[in-house]
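Throughout, protein chains are lettered first and strands after them, A, B, ... in sequence-line order, and every chain is numbered starting at 1.
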Amino acid sequence: MKILDKESGSEFEAIIEKVAESDYSEIKRDKGFIFNWSLEKEYEVYKLYLKDEEGRILGLLSVIDNQSELRLHINLIEVTRGNVGRIKKLDNIAGCLIAFACSIAFKRGYGGFVSLLPKTKLVDLYQNKYGFRQYGRLLAVEFESSKYLVDKYIGSE
Amino acid sequence: MNKYERIYKELRKQFSDEEIVERYVIPEDLSDQEKKEIEEEFRKLRLKSLKERTEEQRLLSELMRMKLLMKDYFERSGFEEELSFSNQLEQYIKILGRSKKDFAGEIDLHPTKLSRLLSGRENPNVELVYRLENHCGNVIPAIYWWRLHSRKLEEEIKTDEKKRKIESKKVKNNLKFRA
């Protein structure tokens, strides 16, 4: 998958893989992350980094596999503060992490079903930006909307 | 103040909600009771949606699964029999739930040719992979079908010593370099 540098317009190859035990101490030291990722250890946690900069984690994703409901639940996503808001250079990191969750949900036979429970006041924004729709208090993508995110952020190549 | 709310408030001093959504998924702070109620309500809706799943949605799910597993395979090295062109084509026909004869007709192939492709006695050509791409609604690109075939071909080229010897006997005046 590709991450876009908004300043230069260049694209960089990114990789997402499971966080290793040794990464947690690194994440804790990294001032770019404000959440306590050690609390996510009981779930599946993935890291995103650029192929050419393996030691530098840019984004983290924590998901819960709910097999009985055929769904993957995103518990937490965080992009390093070095790339947040007005000072951000690299775009699409959170989108890539959400799309990665969608791809796992397809591979596990869940029809791409991915849910999340964001803060109530941000619900509309997640719906507009990523195409989530409401399932009670949760938001979810599945089938076409999940495929859309995989195609957009991960692509075929 | 709850932990996620506190972090959200901190972030809000620096960023707009739009910027936060571009970079975070922050859970809602909930009591165990609230969590339980939300999960129960959701579970009912989810089970209902699973029951109402359409044939089109089933097909899309199966094809996306197939495509993404192929993609993972291309990122690994080596040939895997389960992911050979013929096995994946067989799998595709199973997902469709069509007879081989009907499927052959739909992609303008003689049933005997399809049978030979499925048994690995015949190799796909470029025309066929374009037809497969179109048949699956462009979910699995032509290049994916072709790569399945080329992986096997690469394996054969690497390992077929018998053919290597036979063909080397047909070469004359080959270049020679000192070791």
Cation-pi, A/Y24 ring and A/K41 (6.0 angstrom, 45 degrees):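 Pair A/K41/A/Y24 counts as cation-pi.
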What part of [X] is in contact with chain B, defined as an atom under 4.5 angstrom from a non-hydrogen atom: side chain, backbone, both or neither?
X	result
A/T120	both
A/E144	both
A/L60	neither
A/I15	neither

Are any side-chain N or O atoms of [X] and backbone N or O atoms of [Y], one a donor and one an acceptor, separated by less than 3.5 Å?
X	Y	value
B/Q88	B/F85	no
A/E78	A/G59	no
B/Y73	B/E80	yes
A/D23	A/A20	yes
B/R164	B/I157	yes

Residues B/R58 and B/E55 bridged, charged N to O under 4.0 Å: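 So B/R58 pairs with B/E55 through a salt bridge.
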Ion pair check, A/K119 and B/E5, cut-off under 4.0 Å: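 Salt bridge between A/K119 and B/E5, a charged N being under 4.0 Å from a carboxylate O: yes.
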Atom group of [X] that falls short of 4.5 Å from chain A, counting heavy atoms:
X	answer
B/K67	side chain
B/P141	side chain
B/L30	side chain
B/Y144	side chain

Interface residue of largest heavy-atom contact number with chain A, from B/I20, B/I143, B/D72, B/D29, under 4.5 Å: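 Looking at each of B/I20, B/I143, B/D72, B/D29 in turn, B/D72 comes out on top.
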Pick from B/R46, B/E41, B/M64 with the largest number of heavy-atom pairs that fall under 4.5 Å of chain A: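 Ranked by heavy-atom pairs under 4.5 Å with chain A, first place is B/R46.
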Most chain B-contacting option - heavy-atom pairs closer than 4.5 Å, from A/L117, A/I74, A/L116, A/D151: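 The answer is A/L117.
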B/Y8 vs B/Y24, ring pair (Phe, Tyr, Trp, His ring centres under 6.0 Å): CA-CA, chis, key distance, verdict: CA-CA 10 Å; B/Y8 168 72; B/Y24 296 92; 9.8 Å; no
Test ring pair (Phe, Tyr, Trp, His ring centres under 6.0 Å) applied to B/H135 and B/Y92, step by step: CA-CA 11 Å; B/H135 191 274; B/Y92 178 59; 5.7 Å; yes
Within 6.0 angstrom of A/Y148 OH, more than 12 heavy atoms from elsewhere: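 No, not enclosed.
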Inter-chain contacts: residues 129-138 of chain A against chain B, heavy atoms under 4.5 Å: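 So the qualifying residues are A/K129, A/Y130, A/Y135, A/G136, A/R137, A/L138.
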